[in-house]
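Take a look at the structure set out below.
Positions are given from 1 along the sequence.
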Amino acid sequence: ILTAPALLQFTAGYKGAAEKVFVEVVPAEEYRRLSEAAGAVRMTRPGNVLILGDSLSDFDRGRNYVDQLSFYLNGGGKEQGIAFFNYGIGGDDIKRVARRVAHQFDSRKPDEYFQARYAGIDGRNYDYILIFLGQNDTKASSESNYATTFITLPECEKYWESLIATLKERFPAAKLILCSPIHTDSARQQEIARIILAGKPNVWMFGIERHMENYDALIRKLAEKHNASYLDFYTPSKTSPERKKLFKSEDGVHLSAAGERFVAGLVLDFFRTVK
């Protein structure tokens with residue numbers, strides 16, 4: 001007898017090929033909530049949705065928030081015809097994404113910035129482009145006493161402007177959706193930093209509030225400046241009484257199964273009103 005929450009993984013193999021299928025058992029109230037939110041979506045331009053992001057979009061494929069969006073919007077007889085194209089890459093930041101989208105890489109270094117993983121991105125039109133970054137941009141090193149982010153705020157703005165310009169030129173019909181970073185389990189991050197520093201001279205810490213809030217303010221400003229939509233993950237995750245459960249206990253940064261459903265729910269609520 002299975003009780004919620006639970007996650008099952010099935011692997012089928014044939015002639016050397018293998019495919020994984022996930023079955024997630026979720027609390028009934030959460031399933032109803034997401035199903036009802038999906039049923040209320042009346043997107044004015046249903047079609048292709050491009051996802052640009054980091055590990056929070058890349059990890060746990062087959063069951064992450066992008067897959068859940070597709071399931072709830074297109075399953076159970078809804079068949080809204082919304083296709084998600086997930087180009088999230090673990091470790092990405094705004095600099096990497098902006099350069100890769102603009103094809104600004106050294107052809108002599110074929111693996112630089114994982115450009116091969118963007119293969120096919122230009123081969124279709126998109127109705128919406130959702131960009132969910134921030135964790136890697138705002139991480140800070142103990143060498144600077146956590147005062148300096150991996151990518152400084154002026155650099156972030158520069159590369160965001162470049163990315164937006166490239167996307168508008170290449171996909172002029174697409175509606176841009178700029179997402180705030182999601183809050184983390186900062187207490188767990190601090191604990192991990194203390195453990196690492198006991199044996200190493202340097203550690204990067206994610207989710208420092210002042211850095212994330214500065215980044216969030218920049219995203220809000222850019223969305224207003226460029227007539228893009230702003231999707232707030234930061235405030236709901238920071239104020240959620242279940243915040244710790246949204247992230248994997250081993251790092252306090254990556255989304256747990258509950259966190260994937262949380263993000264999917266916020267996107268579904270957003271799509272109920274987006275034009």
Sorted by chain and number, sequence neighbours left out, side-chain hydrogen bond (donor to acceptor under 3.5 Å, both in side chains) with S55 holds for H254
Residue pairs meeting salt bridge (Lys or Arg N to Asp or Glu O under 4.0 Å), one or both in residues 143-158, sequence neighbours left out, come to E157-K221
| request: Name the orientation class of the two ring planes belonging to Y87 and Y118 (parallel below 30°, tilted from 30 to 60°, perpendicular beyond 60°). | output: perpendicular
| task | For the pair K139 and T149, evaluate side-chain contact (heavy atoms from CB on, under 4.5 Å) and give the outcome as yes or no after the intermediate values. | result | CA-CA 5 Å; K139 66 183 181 181; T149 53; over 6 Å; no
Residues passing the salt bridge (Lys or Arg N to Asp or Glu O under 4.0 Å) test with D232, sequence neighbours excluded, are R220
Hits for salt bridge (Lys or Arg N to Asp or Glu O under 4.0 Å) against K225, two or more places apart or cross-chain, chain-then-number order -> E161
Next on the checklist: For a side-chain contact (heavy atoms from CB on, under 4.5 Å) check, start with the C-alpha distance between I51 and F85, then their side-chain angles and the critical distance, and finish with the verdict.
Outcome noted: CA-CA 6 Å; I51 307 290; F85 298 89; over 6 Å; no
Here the gap from L266 atom CG to F233 atom CZ, rounded to the nearest 0.5 Å, amounts to 6.0 Å
Sorted by chain and number, sequence neighbours left out, side-chain hydrogen bond (donor to acceptor under 3.5 Å, both in side chains) with E169 holds for none
*Let me see the working for V49 and D127 under side-chain contact (heavy atoms from CB on, under 4.5 Å), right down to the final yes or no.*
CA-CA 6 Å; V49 181; D127 296 281; 6.0 Å; no
Subject >> Close side-chain approach of T239 to H183, heavy-atom, < 4.5 Å >> reply: no
K248 with D185: basic N within carboxylate O range, under 4.0 Å: no
- Going through the distances and angles, do L130 and L231 end up as a side-chain contact (heavy atoms from CB on, under 4.5 Å)? CA-CA 9 Å; L130 185 148; L231 204 172; 4.2 Å; yes
For D93, the salt bridge (Lys or Arg N to Asp or Glu O under 4.0 Å) test, sequence neighbours excluded, returns none
When rounded to the nearest 0.5 Å, the distance separating CG of L255 from CG of N64 is 8.5 Å
By ring pair (Phe, Tyr, Trp, His ring centres under 6.0 Å), F84 pairs with (sequence neighbours left out) none
S57 meets the side-chain hydrogen bond (donor to acceptor under 3.5 Å, both in side chains) criterion, sequence neighbours left out, with Y65
Exercise. Please tell me if the side chains of Q68 and E260 come closer than 4.5 Å, counting only heavy atoms from C-beta onward.
Key: yes
**Prompt:** Parallel under 30°, tilted from 30 to 60°, perpendicular over 60°: which one fits the rings of Y126 and F171?
**Reply:** perpendicular
Checking D54, I177, L56, L52 against F132 for side chain to side chain contact (heavy atoms under 4.5 Å, CB included), the one that qualifies is L56
F262 meets the ring pair (Phe, Tyr, Trp, His ring centres under 6.0 Å) criterion, sequence neighbours left out, with none
Side-chain donor-acceptor pairs of residues 189-198 under 3.5 Å, sequence neighbours excluded:
{"residue": "Q189", "atom": "OE1", "partner": "F206", "partner atom": "N", "Å": "2.8"}
{"residue": "Q189", "atom": "NE2", "partner": "D251", "partner atom": "O", "Å": "2.8"}
{"residue": "E191", "atom": "OE1", "partner": "R188", "partner atom": "NH1", "Å": "3.0"}

Check your understanding: With no hydrogens and no angle check, do the side chains of Y234 and E213 hold a donor and an acceptor under 3.5 Å apart?
Key -> yes
Query - Sidechain N-carboxylate O distance under 4.0 Å for R117, D58 - result: yes
### Task
Look at D122 together with R170 and state whether they make a salt bridge at an N to O cut-off of under 4.0 Å.
yes
Across all chains, not counting sequence neighbours, the ring pair (Phe, Tyr, Trp, His ring centres under 6.0 Å) partners of F150 are W204
> Are D269 and R33 close enough for a salt bridge, meaning some N to O gap below 4.0 Å?
Replying inline: yes
Residues joined to F59 in its hydrophobic cluster, side chain to side chain under 4.5 Å directly or through other members, sorted by chain and number, are none
